[in-house]
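Everything on this sheet refers to the single structure shown next.
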Amino acid sequence: MKRGHIIALGVFIALILLVSLGITFVGKVPMTTDVRPLGLFYLKNSYFGNYAARSPEVVTSILWDYRGLDTLFETGVFFLAIISALALFRIEKKEEKVKEKGEGFTFIVKDTVRIISVLIVAVSAAIALHGHLTPGGGFQGGSALAVVPLLIIVAFSKYALEGRGLTKDTAMIVRSIGLISIIILVLIPLAAGGYLMQNLPVFPSHILGQLTSGSLVFYNLFEYIAVGAGFTAVFLLLSIPEKVFHKIIGGEKE
């Protein structure tokens, strides 16, 4: 890493620590001067009011309720981007054969990855499933979840995942299930006599005494699954040895 990069990284870390300490010990860090009328409306009506999403997390209310259609199409664009990448670098499964599978790193690294992976799964699930209560959501949680297969690929090799059935095709199937579930959530209110992507009162705001904010927790859950699986498919694709691409796509011979 170049010296300039190290300095920039150090400054960024110092800034994050400074803001964190200010919030923790001072309790007040100046972020903005005043709340604009539109922002004030969202703050007041995210949980309370006739048009509330019953979610104390304003950002999630906006993403999956007030501007839900925008989020739906953004998810669609992300899905098409992954499909395009896989189509561009498509390789038949029977052609993807490499003699040197590799043994990965030492047992210290492997054991550390095993422990960290469990923690990442737990944290990423909390980010997604609490996205309607605290900052977070399905995309953020899914992005964090995708770090697990990436660590496994680096520490063990891609064959550690594929040997247990997690291939890029399987990941895309899981991603498709997540997206289909989102589409079903979109259409349920319409079938119930409401409007497209309507949240309340079509979906209950509480389930078993727990605040779910209507459909918001379900949107976050399925987005979490879709994003995590989508990134996993891309990571598996990018981890294919370069000589396989050269041989099959470039037409090189062994």
Side-chain angles (χ1 to χ4, degrees), residues 1-13 16-17 78-79 81-129 136-179 223-250 252 254:
M1 184 180 290
K2 296 182 179 179
R3 183 177 180 182
H5 295 165
I6 296 176
I7 295 174
L9 180 61
V11 171
F12 178 76
I13 294 175
I16 295 299
L17 290 175
F78 179 62
F79 173 73
I82 291 179
I83 288 294
S84 300
L86 293 176
L88 185 62
F89 296 100
R90 62 186 181 277
I91 295 179
E92 295 294 332
K93 188 174 181 180
K94 62 182 180 181
E95 296 175 323
E96 191 183 325
K97 296 178 181 178
V98 182
K99 294 179 181 179
E100 301 83 14
K101 292 189 177 183
E103 297 298 329
F105 285 91
T106 64
F107 74 93
I108 298 176
V109 176
K110 291 180 179 179
D111 288 344
T112 302
V113 167
R114 289 188 179 100
I115 297 172
I116 292 177
S117 296
V118 175
L119 298 177
I120 292 177
V121 170
V123 171
S124 65
I127 293 173
L129 297 179
F139 190 91
Q140 296 89 331
S143 301
L145 177 65
V147 174
V148 173
L150 185 59
L151 287 175
I152 294 175
I153 289 172
V154 172
F156 294 88
S157 84
K158 69 193 293 286
Y159 304 98
L161 292 176
E162 295 179 342
R164 290 165 175 77
L166 184 54
T167 64
K168 59 181 181 292
D169 294 332
T170 304
M172 288 310 299
I173 291 174
V174 174
R175 173 164 176 78
S176 298
I177 292 173
L179 289 171
E223 181 83 349
Y224 169 68
I225 294 172
V227 170
F231 276 126
T232 298
V234 172
F235 292 152
L236 285 168
L237 173 68
L238 295 177
S239 63
I240 296 174
E242 186 177 358
K243 65 180 180 180
V244 176
F245 279 116
H246 287 173
K247 177 183 176 182
I248 299 173
I249 297 179
E252 293 186 2
E254 290 184 331

* Considering all heavy atoms, the nearest Arg114-Phe156 contact -> NH2-CE2, 3.5 Å

* Structure fact -> side chain to side chain donor-acceptor pair (under 3.5 Å) filter on Ser239, not counting sequence neighbours, yields none

* **Expected output: side-chain Thr170 to main-chain Gly165 donor-acceptor under 3.5 Å** => yes

* Asked: How far apart are the closest heavy atoms of Thr232 and Pro149, and which atoms are they?
  -> OG1-CG, 3.2 Å

* To do: Over all heavy atoms of both residues, which pair between Ala229 and Ala171 is shortest? Give the atoms and the distance, please.
  => CB-O, 3.2 Å

* Does any non-hydrogen side-chain atom of Met172 lie less than 4.5 Å from one of Asp169? -> no

* How many angstroms lie between atom CD1 of Ile153 and atom CG of Leu161, to the nearest 0.5 angstrom? -> 5.5 Å

* Asked: Nearest 0.5 Å, what's the CD1-CG distance between Ile225 and Leu145?
  -> 9.5 Å

* So how far is it from Thr112 OG1 to Phe107 CZ, rounded to the nearest 0.5 Å? -> 9.5 Å

* Measure across Ile152 and Ala160 and return the closest heavy-atom pair with its distance rounded to 0.1 Å. => CG2-CB, 4.1 Å

* Which pair of heavy atoms, one from Ala125 and one from Tyr224, lies closest together, and at what distance? -> N-OH, 3.5 Å

* To do: Working to the nearest 0.5 Å, report the span between CD1 of Ile120 and CG of Leu151.
  => 5.0 Å

* **Shortest non-hydrogen contact between Ser143 and Val227, atoms and distance** => N-CG1, 3.7 Å

* Report the distance from atom CG of Leu236 to atom CG of Leu150, rounding to the nearest 0.5 Å. => 9.5 Å

